[in-house]
Amino acid sequence: MLKFIVKRVASSIPTLLLLILFSFVMMRLAPGGPFTSERALPVEVLANINAKYGLDQPWHIQLWRYIEGLIFHLDLGPSFKYKDRSVNDIIAQGFPVTMTYGLWSFAVAVVVGMSLGIMAAVKHNTWLDYIAVGISIGAQVLPNFIMAPILVIVFTLWLELLPGGGWNGGQWNHVIMPVIALSTSYMASIARLTRGSMLEVLNSNYIRTAKAKGLPMRTIIFRHAIKPSLLPVMSYLGPAFVGMVTGSVVIDIYFSTGGMGQFFVDAALSRDYSLLMGITVLFGAMTILFSTIVDILYAWLDPKIKL
Amino acid sequence: MTILKTKFSKGAAIALLAGATALTSFSAYAASPMAGETLAADQTYTYRMLDGFPSLDPQLVEDVSGSDAARDLFEGLMNQDADGNLIPGVALSYEATEGNTVYTFKLRQSNWSNGDAVTANDFVYAWRRAADPKTASPYQWYMDLMSIKNVAAVIKGDMDPSELGIEALDDYTLQVTLSAALPYFADMTAHTTTFPTHQATVEEFGNEWTRPENMVGNGAYKLTEWVLKERTTRVRNTEYWDNENTILDTVISMVISDENVALTRYLAGELDKTEVPAGQYPALKESNPAETFSFPRLCSYYYTFNLSDTGPEAFKDQRVRHALSYAIDRNVISEQVLKGGQYPAYTFTPGATAGFEVPTVPYGTWTQAERDAKAVELLAEAGYTKDNPLKFNMLYNTSEAHKKIAVVMSQMWKQKLGVEATLANQEWKTFLEVRGKQDFEMARGAWCGDYNEASTFLDLLTTESGYNDGKWSNARVDELMASAKTSSNAGVNYTEVEQIMAAEMPVIPVYHYTGVLMINEQLKGWPLSNVQQKFYSRNFYKVAK
């Protein structure tokens with residue numbers, strides 16, 4: 001296990017460096033730059049700005065300085081667009097927002113989704129099953145960019161219960177709608193996956209044996225059926241978790257949360273190289289981290305898997 | 001998309017202060033409720049912003065939203081009133097001598113938000129800082145435009161910032177020496193780049209000095225909260241010299257990038273001001289007549305032909321350009337596509353521009369049927385028929401509204417002239433790069449005036465202009481625009497330039513913008529008559545329901 005973790009960490013460093021190199025080249029290839037504007041800046045002024053941000057240096061120096069700053073000082077550089085802020089500041093502000101609604105969404109999606117899935121499988125072909133399947137299909141076909149405005153119309157305009165957006169330091173009433181909008185479709189996928197794999201497990205020989213032994217249904221499900229039926233769900237949860245905690249541009253736009261999703265997209269559009277790179281590195285590192293965690297959980301769930 | 005930058009340029013206010021050599025002083029201006037109005041208990045103004053402030057450092061601010069906030073947090077030598085007239089800020093009065101090349105400002109006694117006195121040295125520090133290459137302000141070109149002595153050499157790094165032509169004669173007397181006579185120089189000091197900054201604070205905190213916990217300002221409000229891309233809060237600064245006459249206590253700006261979301265939140269009572277999304281003005285005017293406003297703005301929407309060597313041959317034929325322009329029914333675009341009271345454009349400069357009389361251009365007076373007939377005739381003369389149709393690409397930056405207009409325009413051409421225009425859209429920065437390199441055939445353009453005078457538009461069509469992406473060049477236009485700078489009757493020049501443009505049609509003017517806003521009925525003092533929409537929150541107040 002320890003060997004596996006050390007190996008994964010060691011291989012993640014070249015992966016991240018490749019990611020930085022690849023992103024760096026892609027950004028520079030995109031037309032325009034951070035200081036391209038409708039009316040071109042005078043040459044001297046542009047020269048001063050380029051000097052301040054090190055953009056007057058050759059590419060390899062820029063890249064080396066970036067990697068050096070990142071490795072030795074964990075410094076992601078200054079933002080080109082937000083001139084009073086460093087990329088570290090922006091991430092320190094935006095990431096907790098995204099983490100908050102992402103973690104809540106994950107919790108809601110997992111708890112509700114798995115409950116629905118298990119219920120549907122256990123009560124296979126009864127009205128409970130049909131309701132659970134109905135809910136999950138309905139939730140799946142309702143994308144969050146439709147869900148979000150509907151929530152605002154219902155809860156803000158009609159019922160006047162919740163604010164229509166903003167974050168306000170993460171006050172509970174600002175978190176509810178983003179969580180519902182983000183978790184719904186994940187919840188639906190988890191419900192369907194759980195139902196499918198649970199049904200398969202429930203039809204397997206050892207469960208039949210357990211039933212024949214006269215074990216109560218509750219014991220069969222919780223002691224014998226849940227763990228193996230989680231395997232396919234688990235491989236979905238890893239990327240889903242990263243997807244949720246790294247934020248959603250749709251949620252950020254509709255609920256004006258100030259989260260990372262919108263920073264990411266805007267950084268690309270405004271060619272804020274350092275901010276874009278910083279978020280890419282962060283998301284890349286998180287993806288590697290969570291896929292490692294999922295692998296470890298796999299081994300725990302299924303002793304047949306050797307790390 | 002046009003980003004309205006708070007730019008300023010030569011020619012600004014030429015007529016406004018010409019020859020102001022005498023000692024000039026003014027009366028103050030503040031929030032002034034009318035008799036019979038009862039003030040609301042909660043004096044909080046909440047408005048929507050499209051994006052987070054890129055910066056709140058006066059010397060670095062370059063966008064409209066940042067300037068709006070900077071005018072609340074800092075105060076320069078001069079301010080503007082609700083109609084855009086110049087009124088005193090920190091300066092009580094000024095005197096222009098030596099043929100408008102030396103300006104001496106007398107400053108009032110006022111304080112920074114930490115209680116320190118605001119002195120002439122604070123301005124000296126800020127102006128040197130603005131020109132210093134190390135600051136790398138994108139607005140250094142503005143300092144250059146102010147023609148302060150030695151400014152170009154300082155920006156280039158050839159001279160130390162201390163050699164800039166600005167000097168504190170004593171704590172309350174500031175003297176600026178210029179390298180050229182600028183009669184409108186005092187007007188330029190209402191711009192954020194020239195606002196004072198508190199040296200000790202900037203030096204102590206570096207680029208973190210604009211954080212709420214660090215910032216020291218001299219404006220009517222103090223920054224208490226700044227969550228990037230979410231909200232900022234500013235509250236009344238009790239050290240402000242005119243705090244007694246300030247009514248509004250708190251100003252909150254909320255970043256809401258989608259205007260439909262913003263409208264929903266306005267309707268839910270969360271905002272006091274927001275923009276009306278395209279096409280929704282008529283319905284809102286009907287349902288909320290007292291809160292919905294449409295007023296002219298200094299912006300022009302057009303399509304430009306690529307007339308450079310890389311452009312298509314067909315566009316070099318004036319008849320083709322005329323035919324395409326005539327066949328556009330601008331009323332359809334204003335009334336059925338945009339629906340926000342936009343003005344059909346036959347000239348480049350909007351009619352709302354101060355001192356600009358819209359010249360009569362022949363095609364503007366014809367009926368659309370006449371224009372259509374003429375278009376068919378001209379295009380046939382140029383050799384294009386339905387069997388041999390004119391084909392070209394039209395490029396715009398990605399946006400629903402631009403797409404709608406481009407589709408309507410291309411359909412008009414198709415139906416009336418058999419012209420086949422292929423639509424293409426590009427993301428903003430790519431679009432700017434492609435258009436700037438003349439890698440297009442016909443492209444969308446738009447411009448919002450930097451200042452309220454016709455040259456802010458017409459200068460764009462001169463040969464040397466950095467924004468002349470169509471590369472049209474007309475010696476007479478260059479000459480007229482050059483002489484307008486020193487002319488006492490520039491209107492004649494502008495009329496002639498517009499007439500030349502109508503005769504040669506280097507661009508197709510489509511419409512002139514309107515600002516379309518929802519403003520809470522309780523909020524008073526919004527400067528609807530200031531076409532540049534420069535507001536100072538301290539002039540607002542809220543009345544009880």
Side-chain angles (χ1 to χ4, degrees), chain A residues 30-53 78-86 89-90 93-94 97 148-149 152-153 156-158 160 162-169 252-259 262-263 266 268-272, chain B residues 2-3 5 7 51-57 60-62 132-141 144 152 155-157 207-211 226-231 254-258 260-262 264-265 267-270 426-434 436 446-447 460 465-467:
Chain A
F35 308 108
T36 309
S37 58
E38 279 192 281
R39 187 162 56 184
L41 285 173
V43 189
E44 309 83 56
V45 177
L46 194 61
N48 289 342
I49 294 175
N50 283 336
K52 180 173 173 182
Y53 293 105
S79 163
F80 293 169
K81 180 176 176 190
Y82 301 101
K83 297 190 171 62
D84 308 357
R85 307 264 176 156
S86 69
D89 290 337
I90 294 174
Q93 182 213 298
V97 172
V152 172
I153 287 173
T156 307
L157 274 186
W158 293 352
E160 298 182 7
L162 295 171
W167 189 246
N168 211 5
D252 288 342
I253 287 178
Y254 276 101
F255 297 108
S256 316
T257 55
Q262 207 181 348
F263 274 114
D266 286 353
L269 293 178
S270 59
R271 308 286 191 272
D272 189 339
Chain B
T2 292
I3 303 166
K5 302 247 168 152
K7 288 166 282 186
D51 197 356
F53 301 120
S55 174
L56 283 178
D57 180 331
L60 294 179
V61 165
E62 54 174 328
D132 190 336
K134 285 206 279 293
T135 311
S137 166
Y139 258 57
Q140 284 181 333
W141 64 266
D144 193 26
I155 292 172
K156 251 190 147 170
N207 77 341
E208 292 188 3
W209 80 270
T210 53
R211 302 295 168 80
W226 180 11
V227 186
L228 195 58
K229 259 190 194 304
E230 208 256 323
R231 74 176 66 207
M254 303 271 234
V255 178
I256 305 172
S257 52
D258 186 281
N260 286 299
V261 174
T264 309
R265 292 180 64 185
L267 295 172
E270 294 179 29
Q426 284 173 346
E427 165 271 342
W428 180 239
K429 291 261 182 179
T430 309
F431 172 77
L432 286 183
E433 179 100 352
V434 163
W447 188 253
L460 303 179
S465 163
Y467 199 66

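Fair warning: this is a prediction, and the values are worked out from it, not measured in the lab. Reminder, nothing fancy here: chain letters follow the sequence lines and each chain counts from 1.
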Can you say whether T257(A) sits under 4.5 Å from chain B via the side chain, the backbone, both, or neither, judging by heavy atoms? backbone
Closest-packed option against chain B by number of heavy-atom pairs under 4.5 Å, given D266(A), I153(A), V152(A): D266(A)
Measure the CD-CD distance between Q262(A) and E230(B) for me, rounded to the nearest 0.5 Å. 11.5 Å
Roughly how far, to the nearest 0.5 Å, is CD of E433(B) from OG1 of T36(A)? 6.0 Å
Quick one: which of T156(A), V97(A), V43(A), I253(A) has the most heavy-atom pairs under 4.5 Å with chain B, could you say? I253(A)
With a 4.5 Å cut-off on heavy-atom pairs, point out which of G166(A), P78(A), G259(A) contacts chain B the most. G166(A)
Please look at F263(A) and chain B and tell me whether the side chain, the backbone, both or neither of the residue comes under 4.5 angstrom of a heavy atom of that chain. both
Among D51(B), D144(B), L460(B), single out the residue with the greatest number of heavy-atom pairs under 4.5 Å to chain A. D51(B)
Residue, of G164(A), G169(A), G258(A), that accumulates the most heavy atom pairs under 4.5 Å with chain B: G164(A)
Contact summary for I90(A) and L228(B), nearest pair of heavy atoms: CG1-CD2, 3.7 Å
Can you name the nearest heavy-atom pair linking P31(A) to T430(B), along with the distance? CG-CG2, 3.6 Å
Just so I understand: if I count every heavy-atom pair under 4.5 Å between each of L41(A), V45(A), L46(A) and chain B, which residue has the most? V45(A)
For D84(A) and R211(B), work out which heavy atoms get closest and say how close. O-NH2, 3.7 Å
Looking at D132(B), V227(B), T135(B), which one has more heavy-atom pairs under 4.5 Å with chain A than the rest? V227(B)
Against chain A, work out which of G436(B), P133(B), A268(B) has the most heavy-atom pairs shorter than 4.5 Å and name it. P133(B)
If every non-hydrogen atom of A136(B) is compared with every non-hydrogen atom of I49(A), which pair is closest and at what distance? O-CG1, 3.5 Å
Quick one: do the T210(B) and R85(A) side chains pair a donor with an acceptor below 3.5 Å? no
Chain A contact via F431(B) - which portion, at a heavy-atom distance below 4.5 Å: neither
Heavy-atom distances under 4.5 Å only: say whether S465(B) touches chain A with side chain, backbone, both or neither. neither
Work out which heavy atom in E270(B) is nearest to a heavy atom in L162(A); give both atom names and the distance. OE2-O, 4.5 Å
Partners of N168(A) by side chain to side chain contact (heavy atoms under 4.5 Å, CB included), sequence neighbours excluded? Q171(A), H174(A), R231(B)
To the nearest 0.5 Å, tell me how far E62(B) CD sits from K83(A) NZ. 4.0 Å
Please determine whether the number of non-hydrogen atoms from other residues, nucleotides or ligands lying under 6.0 Å from atom NZ of K156(B) exceeds 12. no
Against chain B, work out which of Y254(A), W167(A), F255(A), Y82(A) has the most heavy-atom pairs shorter than 4.5 Å and name it. Y82(A)
Closest non-hydrogen atom pair between V255(B) and S256(A), with its separation: O-CB, 3.2 Å
Carboxylate-amine/guanidinium contact D252(A) K229(B), below 4.0 Å: no
Rounded at 0.5 Å granularity, tell me how far CG in L269(A) sits from NZ in K429(B). 10.0 Å
Contact class of P149(A) relative to chain B, heavy atoms under 4.5 angstrom: neither
